[in-house]
Enquirer: 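First the structure, then my questions, so here it is.
To find a chain, count down the sequence lines: A is the first, B the second, and so on, and within it residues start at 1.
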2 protein chains.
Amino acid sequence: MTTLLNRRDPGQGSASERSPLHDDVVDQLRQMIIRCELVPGERFTEQKLVEKFGVSRTPLREALKILASEGLVEMRPHRGSSVSPISIEEISETFAVLGTLEEMAGPLVCDRVSNVDIARLERIKDEMSSKRDATDRNSYFELNVAFHQSMIALSGNAVLSATYNQLFGKLQRARYLVNDDQNRWSESAREHSWIMEALRQRDGAELSKRLREHNSRTAQAVLDKLRG
Amino acid sequence: MTTLLNRRDPGQGSASERSPLHDDVVDQLRQMIIRCELVPGERFTEQKLVEKFGVSRTPLREALKILASEGLVEMRPHRGSSVSPISIEEISETFAVLGTLEEMAGPLVCDRVSNVDIARLERIKDEMSSKRDATDRNSYFELNVAFHQSMIALSGNAVLSATYNQLFGKLQRARYLVNDDQNRWSESAREHSWIMEALRQRDGAELSKRLREHNSRTAQAVLDKLRG
DNA sequence: CATACATAGATTGCATTCAATATTGACAGG
DNA sequence: CCTGTCAATATTGAATGCAATCTATGTATG
């Protein structure tokens with residue numbers, strides 16, 4: 001492959017929708033980091049990445065800056081960039097904050113959620129279950145992201161939602177390392193069902209409780225795996 | 001003034017501490033935006049900023065990208081950058097999230113805070129009071145930032161702290177527009193004292209409650225001002 | 001007179017070049 | 001043999017130049 005980029009060229013579609021180059025680089029790099037194709041701590045020279053992606057240093061560096069602001073890469077002046085190491089401490093702290101945000105969202109979501117919204121979430125959950133034996137865990141991952149982020153988005157608080165998504169993203173790598181655990185997998189599916197049940201009943205307090213429980217269990221599983 | 005930048009040149013001090021150019025630009029621009037010297041919504045061409053700061057377009061653009069990730073500027077492809085408008089909705093939502101994070105921090109802080117920490121916060125609070133009649137509100141502002149951010153930092157959860165600081169930063173502009181209200185000013189000073197009292201007693205639940213109360217009142221004052 | 005289109009100017013996106021800094025390796029001194 | 005210093009190389013930081021895109025003005029047409 002001469003370039004990793006596979007850009008959508010608007011061609012005739014609604015023109016002027018061409019995305020900046022660095023956005024594509026960001027997306028590609030983010031995925032590679034989340035999927036641990038770039039191992040945590042690994043240092044990369046700009047030259048290597050330039051060759052890999054087939055772009056010049058300017059958009060590449062813009063991409064690195066963005067990923068740095070997301071916490072996925074670290075940049076030290078004059079010393080290059082590297083993939084952020086996975087810190088168990090940081091993972092643990094992130095789970096704690098996410099749990100609090102989910103708890104906050106519970107009542108807000110129940111106040112606003114429509115039947116259509118619930119149906120959408122059910123579909124996502126069911127599709128996730130159908131991927132039970134999936135050989136490729138990437139689609140399961142995407143669905144899990146969609147489930148949780150869609151849920152929080154229903155709170156109607158865009159700042160909450162954006163903050164949540166940002167922190168959620170920082171956990172993806174750690175989750176990825178762990179999601180081959182079949183026990184935790186089915187446990188998680190059950191918890192998703194409980195969560196949906198509370199949502200259908202519009203019981204905000206109960207939804208908060210179950211979200212936190214789910215968060216707590218997931219954190220436990222991820223951290224156990226990382227430590228063991 | 002030929003350039004707005006006033007860089008610290010390491011000279012002989014611990015060498016190699018030279019910060020990248022764009023960091024200085026970021027700091028300057030951030031302050032100008034927070035202090036509303038650049039009015040919300042205002043569009044700026046890169047050329048203008050290049051002349052103002054005396055740097056080339058490359059570091060300037062890097063600076064804009066960073067501020068965009070902080071939510072202070074908006075960049076649209078091929079259409080340039082502008083100061084993010086202040087949205088009352090967004091301000092309100094941000095206060096809500098901050099309140100939740102402070103509530104989360106309360107018990108954590110009380111579990112870990114030392115007498116030295118408390119003394120440091122007291123000093124900040126007292127200094128803030130001494131700036132009561134300050135003609136320049138900038139130092140009051142800095143102290144208020146220090147008070148709240150130092151408090152949350154004592155939680156020991158670095159992710160919580162970073163998230164809090166980021167959101168706090170997005171509110172600074174709105175606060176700045178409001179802080180000439182003398183009534184709210186003295187009310188706020190009293191609330192700070194109450195907060196310190198709960199902290200001295202290491203009463204986590206009470207600290208959470210008072211932090212949320214303070215947050216709620218501040219939000220009310222800011223939003224009232226913005227609406228009126 | 002209003003609207004659509006075309007062209008010129010302005011502005012941003014990307015590539016390349018030049019400068020500053022860090023890293024590596026060799027060599028001299030202890 | 002180890003350690004500290006200095007030079008050579010590699011790498012990042014900043015500036016400049018070129019190409020692509022948008023915006024604004026003026027003209028033609030209904």
Enquirer: Is any side-chain heavy atom of A:Phe95 closer than 4.5 Å to one of A:Thr100?
Expert: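 When only atoms from C-beta onward are counted, A:Phe95 and A:Thr100 do not touch, as no gap falls below 4.5 Å.
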
Enquirer: Hey, does the side chain of B:Arg79 come within less than 4.0 Å of C:dT11's phosphate (OP1/OP2), counting only N and O?
Expert: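 Negative; the distance criterion is not met.
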
Enquirer: Return the value, rounded to whole Å, for the distance between atom CZ of A:Arg76 and atom C1' of C:dT21.
Expert: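 About 14 Å, once rounded to whole Å.
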
Enquirer: Please list residues of residues 56-63 of chain A whose heavy atoms come under 4.0 Å from any atom in DNA chain D, ordered by number; otherwise none.
Expert: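 When residues 56-63 of chain A is checked for heavy atoms under 4.0 Å from DNA chain D, the hits, listed by number, are A:Arg57, A:Arg61.
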
Enquirer: Could you list the residues that satisfy side chain to side chain contact (heavy atoms under 4.5 Å, CB included) with B:Ser216, not counting sequence neighbours?
Expert: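 Counting only residues at least two positions away or on another chain, B:Ser216 forms no side chain to side chain contact (heavy atoms under 4.5 Å, CB included).
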
Enquirer: Expressed as a whole number of angstroms, how long is the span from A:Met75:CE to C:dA22:P?
Expert: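 Taking CE of A:Met75 and P of C:dA22, I get 15 Å after rounding.
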
Enquirer: Strictly below 4.0 Å, heavy-atom distances to any atom of DNA chain C: list the hits from residues 40-50 of chain A, or just say none.
Expert: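 Listed by number, there are none.
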
Enquirer: Got a donor-acceptor contact below 3.5 angstrom from the B:Thr163 side chain to the B:Val159 backbone?
Expert: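 Flag set: sc B:Thr163 to bb B:Val159 pair under 3.5 Å.
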
Enquirer: Indicate every side-chain donor-acceptor pair of residues 219-228 of chain B with a distance under 3.5 Å to a residue at least two apart or in another chain.
Expert:
residue: B:Gln220; atom: NE2; partner: B:Asp224; partner atom: OD1; Å: 3.3

Enquirer: Please determine whether side chain to side chain contact (heavy atoms under 4.5 Å, CB included) holds for the pair A:Arg35 and A:Phe141, giving the CA-CA distance in whole Å, both sets of side-chain angles, and the decisive distance to 0.1 Å.
Expert: CA-CA 10 Å; A:Arg35 297 181 180 174; A:Phe141 244 64; over 6 Å; no

Enquirer: Send over the distance from A:His78 NE2 to D:dT12 C1', rounded to a whole Å.
Expert: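 So the two atoms are 7 Å apart, to the nearest Å.
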
Enquirer: In whole angstrom, what separates B:Leu21's CG from D:dT12's P?
Expert: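 Roughly 18 Å, once rounded to whole Å.
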
Enquirer: Send over the distance from A:Asp23 CG to C:dG13 P, rounded to a whole Å.
Expert: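 Rounded to the whole Å, the gap is 10 Å.
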
Enquirer: Would you kindly give the CG-to-P distance between B:Leu64 and C:dT12, to the nearest whole Å?
Expert: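 It is 9 Å, rounded to the nearest whole Å.
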
Enquirer: What pairs of donor and acceptor atoms, side-chain ones from residues 68-75 of chain B against any protein atom, are under 3.5 angstrom apart with sequence neighbours left out?
Expert:
residue: B:Ser69; atom: OG; partner: B:Ile66; partner atom: O; Å: 2.7
residue: B:Glu70; atom: OE1; partner: B:Arg30; partner atom: NE; Å: 3.0
residue: B:Glu70; atom: OE2; partner: B:Arg30; partner atom: NH2; Å: 2.8

Enquirer: Starting at NE2 of A:His22 and ending at C1' of D:dA20, how long is that distance when rounded to a whole Å?
Expert: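 Distance, rounded to whole Å: 16 Å.
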
Enquirer: If I take atom CD from residue B:Gln166 and atom CG from residue B:Leu98, how far apart are they, to the nearest 0.5 angstrom?
Expert: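 Reported value, rounded in 0.5 Å steps: 10.5 Å.
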
Enquirer: Is the A:His192 ring parallel, tilted or perpendicular to the A:Phe147 ring (thresholds 30°, 60°)?
Expert: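 Plane angle between 30° and 60°, so tilted.
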
Enquirer: List in chain and number order the residues that pass side chain to side chain contact (heavy atoms under 4.5 Å, CB included) with B:Lys170, two or more places apart in sequence or in another chain; answer none if no residue qualifies.
Expert: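 So B:Lys170 forms a side chain to side chain contact (heavy atoms under 4.5 Å, CB included) with B:Glu90.
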
